[in-house]
Number of protein chains: 2
Amino acid sequence: MKSVNTDIAYDYIRKRILSGEFPPGHPLLTEVLARDIKVSRTPVRDALRKLETDGLVSIRAHLGANVKKMELKEFSEMCDLRLALESHAAGLAARNHTESDLREIQFALTAMKRLTEQIARDASEQPLLAELIHEDVRFHIAVMTAAKNDLMKKEILRLHLINRVVSGTSMDKQPVPKVEADARRQSVLEKHQDIYTAIAASDPAAAKREMEFHLQEMIDHSLLLMTRVESGVIARELSPEELAYSS
Amino acid sequence: MKSVNTDIAYDYIRKRILSGEFPPGHPLLTEVLARDIKVSRTPVRDALRKLETDGLVSIRAHLGANVKKMELKEFSEMCDLRLALESHAAGLAARNHTESDLREIQFALTAMKRLTEQIARDASEQPLLAELIHEDVRFHIAVMTAAKNDLMKKEILRLHLINRVVSGTSMDKQPVPKVEADARRQSVLEKHQDIYTAIAASDPAAAKREMEFHLQEMIDHSLLLMTRVESGVIARELSPEELAYSS
DNA sequence: CGATATCTGTGTTGACACTTTTCATGAGCA
DNA sequence: TGCTCATGAAAAGTGTCAACACAGATATCG
């Protein structure tokens, strides 16, 4: 399977968006991108269209493309969507998991446990934090995989990515007291353990309930952080009244 | 807002797919379509890409585009996805509905009741059946609207459309005894009434549960019909062994 | 039966058309 | 004179097109 230019352009742009090099709202000019990637504008346009449907880019006819920027309402809706899908998937995982699925989930879980304790003990957090997040993602992916529904997995992964782009950039700027953060991490860990237990016990209702609870907690936290951010990378739209005052 | 050629092509192709004029598996040649729509191939290609992300078309590089054809597994996964979203939406509807939402739901419900009874009485069913389906869709849309989550509504509508294209073509060919069909319609009606009652009572758990049950029933029925269809418009992929026997 | 030529149809390109935005110019008015 | 606002021309960038390049399928020939 020869890789076509469209795919090259897609990977290039997508990578930059996910790495934060193209932050939300960043304009994506087809000509500039075409020059950088060294292909013509057509495959770039195709790539942008594809990214739009991934939810990472927004395109308006004649007005060009931007990295997707979400206001609070849309973000909240997306979180709820994710809640619906991922909790359902947890229920399915309790039904359909194999032995190897369980091992994978548990593996991520023990890694998280180790990292959480280590972070709580040590002062130097930064690289460990990234690793913890990575294992967190791994845990969730493992659960979705165990659900044995590829379409659902794909859809949830899509939402995860959008979430990462939209909220990832703002989270960094929020200084949180270490004690509070440690408590949160501990709580997250326990929730994950509950989810694992329910899945391992083949108890769909419990798995679903625990996942729902876990995600709701996370969502509340995210939304709280976002509303605190007055002017950030993810600027919410100003209402007409607010606009009048800001000039 | 001037409509661009891409949109024209998109509407044209989409309409044909939804109307059944382009059945699942039907090849979509860019040149032919371009000639028919009287635009160049570029906007047609864009339109096909968009339709691909709607889930109505599948494109493979250098191999062209077809109207999406699903095998049983994927169809079943999609149904489950819809179940997750729509039952969650029902729960939200119980929380967030307004008075006008309730009226809209009830309106569709009474229309369905009238039609169901009429169909059970009379022999001439065909035009009434179409109307009944229409009111059924209306009911579900009204519930999703009441949930007050546009993203979720959009996603569910997308799944509805795919469902219609994929299963719509096969359902017609399945002759079902009238008594049985009437009983099913009556049962569907009652389920809808239960859902309405739960939403009106602002009981999210009940609304979710009823919707989940209703959809599961529908899905089981659909899957049953599909598995019965040996060779139909929605041909499942033949396994290598089966292929060996069929030639 | 396998290698090769041909053919169909997509992928890609660069040029052109059109839309939107911006900015400068100038008229109208206090 | 200085300010506001209409106007329109230029700039910037996307949408569209037709021609070419190339991959994959089919037919042909040894």
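Convention: sequence-line order gives letters A, B, ...; per-chain numbering from 1.
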Query - Whole-Å gap separating C1' (D/dG24) and CG (B/L29) - result: 14 Å

Report task. When you get a sec, tell me which of D/dT14, D/dT16, C/dT13 is the closest nucleotide to the side chain of A/N5? Result -> C/dT13

Query raised in the report: Nearest to the side chain of B/T30, which nucleotide is it out of C/dT10, C/dT12, C/dC16?
Result: C/dT10

Requested in this report: Enter the distance from A/Q216:CD to A/L83:CG here, rounded to the nearest 0.5 Å.
Outcome: 5.5 Å

Query raised in the report: How close or far is atom P of D/dT14 from atom CG of B/D7, stated in whole angstroms?
Result: 17 Å

**Report entry** Interatomic distance where CG belongs to A/L48 and C1' belongs to D/dG13 [whole Å]
**Finding:** 13 Å

Requested in this report: For the side chain of A/S40, starting at C-beta, report the closest nucleotide among C/dG9, C/dT12, D/dA18.
Outcome: C/dT12

Query raised in the report: Rounded to whole angstrom units, what separation is found between the NE2 atom of B/H62 and the P atom of C/dT10?
Result: 11 Å

Report summary line: Distance col, row B/E212:CD vs B/S87:OG, nearest 0.5 angstrom, shows 4.5 Å

Query raised in the report: Would you say D/dT16 has OP1 or OP2 under 4.0 Å from some side-chain N or O of B/T6?
Result: yes

**Report entry** A/V44 vs A/L48, side chain to side chain contact (heavy atoms under 4.5 Å, CB included): CA-CA, chis, key distance, verdict
**Finding:** CA-CA 6 Å; A/V44 172; A/L48 289 176; 4.2 Å; yes

Query - Rounded distance (Å) that lies between atom C1' of D/dG15 and atom CD1 of A/I59 - result: 12 Å

Query raised in the report: Quick one: does A/R41 reach the base of D/dG13 with a side-chain donor-acceptor pair under 3.5 Å?
Result: no

Query raised in the report: Is A/L28 touching bases, backbone alone, or none of the nucleic acid, heavy atoms closer than 4.0 Å?
Result: sugar-phosphate

**Report entry** Of A/V39 and B/E31, the one whose closest DNA chain C nucleotide lies more 5'
**Finding:** B/E31

Query - Distance (rounded to the nearest 0.5 Å) between B/L33 CG and B/I13 CD1 - result: 4.5 Å

Query - Distance in angstrom units between B/R35 CZ and D/dC17 C1', rounded - result: 16 Å

Report summary line: Assert: residue with more 5' nearest nucleotide on DNA chain C, out of A/T42 and B/L63, is B/L63

Report task. Measure the distance from OH on A/Y10 to P on C/dG11 and round it to the nearest whole Å. Result -> 17 Å

Query - Nucleotide C/dT19, atom C1' - distance to CZ of A/R60 in whole Å - result: 13 Å

**Report entry** Crowding at CD, A/E99 (>12 non-hydrogen neighbours, <6.0 Å)
**Finding:** no

Report task. Respond yes when some side-chain nitrogen or oxygen of B/R45 is under 4.0 Å from OP1 or OP2 of C/dG11, and no when none is. Result -> yes

